[in-house]
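One structure is given below, encoded as structure tokens.
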There are 2 protein chains.
Amino acid sequence: MARWQPDPTRRLVVAALELFEERGYENTTVIEIAERAGLTKSTFFRHFPDKREVLFGGETMADLVAKGIAAAPESATPLEAVAHALDTIGRAAFPPDRRAFGARRQAVIAANPELREREALKGLRLTASMIDALVRRGVPDLTARVAAELGALAWKIAYERWSDTSGDDEFGAAARRALRDVREASSAC
Amino acid sequence: MARWQPDPTRRLVVAALELFEERGYENTTVIEIAERAGLTKSTFFRHFPDKREVLFGGETMADLVAKGIAAAPESATPLEAVAHALDTIGRAAFPPDRRAFGARRQAVIAANPELREREALKGLRLTASMIDALVRRGVPDLTARVAAELGALAWKIAYERWSDTSGDDEFGAAARRALRDVREASSAC
DNA sequence: GCAGTGACGGGACTTGCTCCCATCACTGTA
DNA sequence: TACAGTGATGGGAGCAAGTCCCGTCACTGC
């Protein structure tokens with residue numbers, strides 16, 4: 001018999017999400033999460049640097065976006081490069097079967113200030129990563145900052161729509177629509 | 001003789017900033033901050049909800065921006081309303097004699113992940129507040145979100161320039177220039 | 001003179017998080 | 001078959017953040 005059950009990281013995430021839904025983030029102890037996953041506190045902190053991160057670990061969106069922007073055709077404008085990146089990400093990190101998980105995760109995050117704070121930090125990282133990738137393409141600094149900010153907003157809107165709706169959209173389509181909407185709105189400011 | 005020294009909140013902020021500069025945020029204990037201010041841990045947590053907040057408390061930028069947007073002339077476009085708000089804030093919350101403090105504060109925040117995280121949350125609050133104020137003016141939701149995002153970026157750039165430079169600019173002027181730059185950049189995306 | 005009031009001191013307690021060491025199924029090698 | 005690594009986990013000591021509750025005492029108004 002195997003010494004340990006497989007995929008401890010995933011088990012911790014599932015246990016945490018369940019407990020946060022049942023009794024709220026702040027009424028849940030790291031020890032309780034670990035126990036439900038059949039592990040201990042020590043092991044929890046070997047898989048995640050802190051309690052909040054259990055809902056944010058895994059695929060780092062910032063890296064994916066940076067790669068996507070770098071891979072965009074050279075002729076693309078800044079926002080077109082961002083669109084290319086969002087499209088790539090949709091295929092890589094948001095398969096349709098993860099939508100239900102995404103919706104539950106979003107609800108838990110929205111209900112807790114600490115988790116919203118961590119989400120805000122991830123947003124900053126995403127933006128910083130986009131700025132960096134755009135500057136590497138030769139985009140002027142200020143233009144890159146604006147394009148990244150608009151791209152991050154589009155990403156946020158797309159993720160909201162994708163996880164909230166019960167339709168059968170894929171993330172890429174939602175992202176394209178969101179970016180188009182953001183573009184239109186920015187010319188109406 | 002008075003029972004307590006005056007302005008305990010300010011004394012705590014000053015003590016915290018000094019200690020963070022001397023030995024770093026994470027090598028500084030709440031007890032140490034309180035002791036340098038001539039107080040105790042209990043009193044610290046009566047003035048601030050947590051350790052991070054000691055550098056973010058006080059004038060809440062989100063409220064000021066909301067008031068500034070609401071007070072803008074009715075004919076103003078979304079971004080003009082934002083400009084009006086930034087201008088008002090400059091006069092109210094960023095007198096020239098606070099620039100040195102602002103620069104020290106920024107350096108400490110930049111050096112620590114926890115403080116950057118809190119700053120990111122404040123940024124979200126600022127944006128949310130701007131969106132709300134714009135929607136109240138009848139601005140469509142998506143337009144409001146984009147204008148708020150651009151406004152928040154302008155605010156950030158203005159604060160960076162204002163606290164970093166040794167010139168004699170006032171915050172309002174820096175904000176106007178930043179918003180104009182952001183506007184130009186957004187049409188180059 | 002005298003009973004509130006309210007800011008502060010102080011200590012007990014929970015929990016997040018770190019560190020260090022022991023355990024033991026699995027691995028490759030002789 | 002034997003045997004010394006390896007590496008993920010268990011477990012416990014310890015520190016600091018943050019909460020709670022209660023006592024203290026200069027100030028206040030009557």
Side-chain angles (χ1 to χ4, degrees), chain A residues 1-20 22-58 108-109 111-122, chain B residues 1-20 22-58 108-109 111-119 121:
Chain A
M1 176 183 165
R3 182 169 190 187
W4 298 297
Q5 299 298 314
D7 209 348
T9 302
R10 180 176 165 69
R11 271 155 51 213
L12 285 168
V13 173
V14 170
L17 186 59
E18 287 175 3
L19 285 165
F20 295 165
E22 288 170 17
R23 57 182 89 160
Y25 175 83
E26 47 199 11
N27 296 319
T28 302
T29 289
V30 170
I31 295 183
E32 293 169 340
I33 298 171
E35 275 175 357
R36 179 167 297 200
L39 296 166
T40 65
K41 189 185 63 166
S42 297
T43 304
F44 179 95
F45 286 110
R46 265 184 211 105
H47 288 267
F48 302 100
D50 59 55
K51 184 183 169 188
R52 303 171 178 193
E53 198 66 14
V54 71
L55 289 188
F56 294 90
V108 168
I109 292 172
N112 182 272
E114 283 187 45
L115 293 173
R116 280 203 301 272
E117 189 170 26
R118 177 56 51 87
E119 195 183 31
L121 182 63
K122 296 294 179 177
Chain B
M1 176 185 166
R3 182 170 189 188
W4 298 298
Q5 299 299 314
D7 208 347
T9 302
R10 182 177 164 67
R11 271 155 51 214
L12 285 168
V13 172
V14 170
L17 187 58
E18 286 174 3
L19 285 166
F20 294 165
E22 289 170 17
R23 58 182 90 160
Y25 174 84
E26 46 200 10
N27 295 320
T28 303
T29 288
V30 169
I31 295 182
E32 293 169 340
I33 299 171
E35 275 176 357
R36 179 168 296 201
L39 297 166
T40 64
K41 189 183 68 165
S42 297
T43 304
F44 179 95
F45 286 111
R46 266 184 211 105
H47 288 266
F48 302 100
D50 58 55
K51 184 182 170 189
R52 303 171 178 192
E53 199 66 15
V54 72
L55 289 189
F56 295 91
V108 168
I109 292 173
N112 182 270
E114 283 187 44
L115 293 174
R116 281 203 301 271
E117 188 171 26
R118 178 56 51 87
E119 194 183 33
L121 182 63

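Convention: sequence-line order gives letters A, B, ...; per-chain numbering from 1.
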Please evaluate residues B:E32 and B:R23 with respect to the criterion salt bridge (charged side-chain N to carboxylate O under 4.0 Å, His left out), reporting the C-alpha separation (whole Å), side-chain torsions for both, the decisive distance (0.1 Å), and the verdict. CA-CA 11 Å; B:E32 293 169 340; B:R23 58 182 90 160; 3.0 Å; yes
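For B:E32 and D:dC15, the CD to P distance is 14 Å, given to the nearest whole Å. One can place CZ of A:F44 at 14 Å from C1' of C:dT18, the figure rounded to the nearest angstrom. Rounding to whole angstrom units, CZ of residue A:R11 and C1' of D:dT9 are separated by 11 Å. Whole-Å rounding puts the B:D7 CG to C:dC8 P distance at 11 Å. B:E114 places its CD atom 13 Å from the C1' atom of D:dG18, with the value rounded to the nearest Å. With rounding to whole Å, A:Q5 atom CD is found 13 Å from D:dT9 atom C1'.
At the heavy-atom level, A:I31 lies nowhere under 4.0 Å from the strands shown. Nucleic acid contact class of B:T28 (heavy atoms, under 4.0 Å, all strands): sugar-phosphate only.
A 4.5 Å side-chain heavy-atom check between B:H47 and B:E53 finds every atom pair outside the cut-off. A heavy-atom distance below 4.5 Å is not found between the side chains of B:T29 and B:K51. Counting heavy atoms from C-beta outward, B:F56 and B:L121 have side chains that stay 4.5 Å or more apart.
Distance from the side chain of A:V30 is smallest to C:dG16 among D:dG12, D:dA17, C:dG16.
Side-chain to base pairing of B:S42 with C:dG10: one donor and one acceptor N or O lie within less than 3.5 Å of each other. B:R3 contributes a side-chain N or O that forms a donor-acceptor pair with the base of D:dC25 under 3.5 Å.
Proximity of A:T43 to the phosphate of D:dT9: no side-chain N or O atom is located under 4.0 Å from OP1 or OP2.
A side-chain donor-acceptor contact under 3.5 Å links B:R11 to the backbone of B:Q5.
Computed from C1' positions of five pairs at each end, the angle between the two local axes of the helix from C:dG1-D:dC30 to C:dA30-D:dT1 equals 10°, rounded to 10 degrees.
The 5' end of DNA chain C is approached more closely, in terms of each residue's nearest nucleotide, by B:K41 than by the other of A:E26 and B:K41.
Judged as a ring-ring contact (aromatic ring centres under 6.0 Å, His included), and not counting sequence neighbours, B:F45 has no contacts. With sequence neighbours left out, the ring-ring contact (aromatic ring centres under 6.0 Å, His included) criterion links A:Y25 to A:F20. For B:R52, the salt bridge (Lys or Arg N to Asp or Glu O under 4.0 Å) criterion is met by A:E117, B:E114, B:E117, not counting sequence neighbours. Taking the side chain to side chain contact (heavy atoms under 4.5 Å, CB included) definition, one finds that A:E18 meets it with A:V14, A:E22, A:R36, A:R104, sequence neighbours left out.
Scanning residues 45-55 of chain B for heavy-atom distances under 4.0 Å to DNA chain C yields B:R46, B:H47.
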